[in-house]
Amino acid sequence: MPLPAPGERLHYGPASPQYGELRLPAGAGPHPVVVMIHGGCWLSQFDLTYFSHLAAALTQQGFATWSIEYRRIGDPDGGWPGTFLDVGAGIDHLRELAASRPLDLGRVATLGHSAGGQLALWAAARDDAHSLLPADHALPIRAVVGLAPITDMETYRVGPDGSCHAAVDQVMGGSPDELGERYAAVSPAARLPLRVPLLLINGASDPIVSPESVEQFAQAAMLADDPVSLRIVAGEGHFDPVIPGGGSWLQITGFLHAALDSD
């Protein structure tokens, strides 16, 4: 697929990867905002380019999209804590952007894929101001979409083979036996309840994030009284959910409109 026109590139920090691409829909606004967090095993070899199709398509649906890049494994200061601090800083930078652009900061959702799904889910709980990753005045998140999201850092680090599991110890700086507080701080499964509506989508044939892991997280979230919509799509793999117009497109847009269109 030909890449869409890039969004407006804006830096939220001094490091090279600390930027985002902002796309604004037609109309005067203020517009609801979807913060887009790409995956790629938290590795610097993968960037936000593959997410641009989804960002552009959501912008056409009436959402401002803020697709953030962040320091990753292989970047200076990537991994703990830089990766997580960057995601938080990138989200909170919307306050500065809203001073000159028509953004509605009362209607902000996060949407992440794979490792970005872990970050998108974790971001919803930042207002708890965990002592390891201070989050004073974190921008409130109204809803989260997790596409093939990594939901439990401790269990994911052991497989499936050929997945991102080998990168978990790298991004965390060690094992849960060594650094249990870090894992508890950022693993979505350890942060429940997130207290926002969740849409979780996974391909039934996904070899990188198992549908069983997403189902288990959804069940735990429901038991914690989080409103959860779960969709396991037959015949789809890891990247199918990020394709605009694909099998999950209507669920994604419908969920975001329901969560963000009303005041």
Side-chain angles (χ1 to χ4, degrees), residues 1-40 42-72 75-78 82-117 119-120 123-124 126 137-145 147 239 241-245 249 252-253 256-257 259-261:
M1 298 173 63
L3 288 174
E8 182 183 9
R9 180 172 289 200
L10 300 160
H11 275 266
Y12 62 84
S16 177
Q18 293 175 318
Y19 71 88
E21 286 192 354
L22 180 68
R23 291 176 168 88
L24 296 176
H31 306 292
V33 185
V34 181
V35 179
M36 312 281 292
I37 310 175
H38 73 85
W42 309 278
L43 299 172
S44 61
Q45 294 96 309
F46 305 97
D47 64 18
L48 54 73
T49 302
Y50 83 95
F51 232 27
S52 60
H53 298 95
L54 186 58
L58 287 172
T59 302
Q60 292 178 351
Q61 287 285 314
F63 304 102
T65 57
W66 174 232
S67 187
I68 58 173
E69 195 55 274
Y70 50 94
R71 289 173 293 179
R72 306 173 302 289
D75 293 321
D77 298 318
T83 292
F84 305 96
L85 293 175
D86 280 5
V87 169
I91 293 171
D92 292 341
H93 188 67
L94 286 169
R95 288 194 176 98
E96 185 171 330
L97 297 181
S100 58
R101 293 164 178 85
L103 306 177
D104 186 344
L105 299 188
R107 296 187 290 159
V108 177
T110 56
L111 183 154
H113 173 241
S114 194
L119 294 167
R126 285 193 311 126
H137 307 296
L139 190 68
I141 302 302
R142 189 151 161 175
V144 182
V145 178
L147 306 178
F239 288 94
V242 309
I243 300 173
W249 173 243
I252 294 169
T253 55
L256 288 172
H257 280 300
L260 300 182
D261 280 357

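Worth saying up front: this structure is predicted, and the values here are computed from it rather than measured. Along the sequence shown, residues carry numbers from 1.
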Worksheet item: side-chain contact (heavy atoms from CB on, under 4.5 Å) between Ile37 and Tyr70: does it pass, once the steps are laid out?
Response: CA-CA 9 Å; Ile37 310 175; Tyr70 50 94; 4.0 Å; yes
When you measure from the side chain of [X] to the backbone of [Y], do you find a donor-acceptor pair of N or O atoms at a distance under 3.5 Å?
X      : Y      : answer
Thr83  : Arg71  : yes
Asp92  : Leu139 : yes
Glu69  : Leu48  : yes
Arg107 : Pro30  : yes
His11  : Gln18  : yes

Worksheet item: Can you tell me if CD on Glu96 sees more than 12 non-hydrogen neighbours from other groups inside 6.0 Å?
Response: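 No.
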Item to complete: With side-chain contact (heavy atoms from CB on, under 4.5 Å) as the test, would you mind laying out the steps for Val145 and Val34 before giving the verdict?
Response: CA-CA 10 Å; Val145 178; Val34 181; over 6 Å; no
[atom1] of [X] to [atom2] of [Y]: how many Å apart, nearest 0.5 Å?
X      : Y      : atom1 : atom2 : answer
Gln61  : Asp261 : CD    : CG    : 10.0 Å
Leu22  : Arg9   : CG    : CZ    : 13.0 Å
Phe51  : Ile68  : CZ    : CD1   : 10.5 Å
Leu58  : Arg23  : CG    : CZ    : 10.0 Å
Leu260 : Arg142 : CG    : CZ    : 6.5 Å
His38  : His113 : NE2   : NE2   : 11.5 Å

Worksheet entry | Beyond-backbone contact of Leu97 with Tyr12, side-chain heavy atoms, under 4.5 angstrom |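 Side chain of Leu97 against side chain of Tyr12, heavy atoms only: no contact under 4.5 Å found.
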Discussion item. Contact between Asp77 and Leu85 at the side-chain level, heavy atoms closer than 4.5 Å - yes or no?
Written reply: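 A side-chain contact is absent here, since even the closest heavy-atom pair is not under 4.5 Å.
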Item to complete: Would you please classify the geometry between the Tyr50 ring and the Phe239 ring as parallel, tilted or perpendicular, with 30° and 60° separating the classes?
Response: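 Perpendicular.
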Contact summary for [X] and [Y], nearest pair of heavy atoms:
X      : Y      : value
Ile252 : Pro241 : CD1-O, 3.6 Å
Asp104 : Val108 : O-CG2, 3.9 Å
Phe46  : Arg72  : O-NE, 3.0 Å
Leu10  : Trp66  : O-CH2, 3.6 Å
Glu21  : Gly7   : OE1-N, 3.5 Å
Ala28  : Pro102 : O-CB, 3.3 Å

Fill in: side-chain contact (heavy atoms from CB on, under 4.5 Å) between Leu111 and Leu54, intermediate numbers included
CA-CA 10 Å; Leu111 183 154; Leu54 186 58; 3.9 Å; yes
Worksheet item: Is there a side-chain contact (heavy atoms from CB on, under 4.5 Å) between Ile243 and Trp249 once you walk through the steps?
Response: CA-CA 7 Å; Ile243 300 173; Trp249 173 243; over 6 Å; no
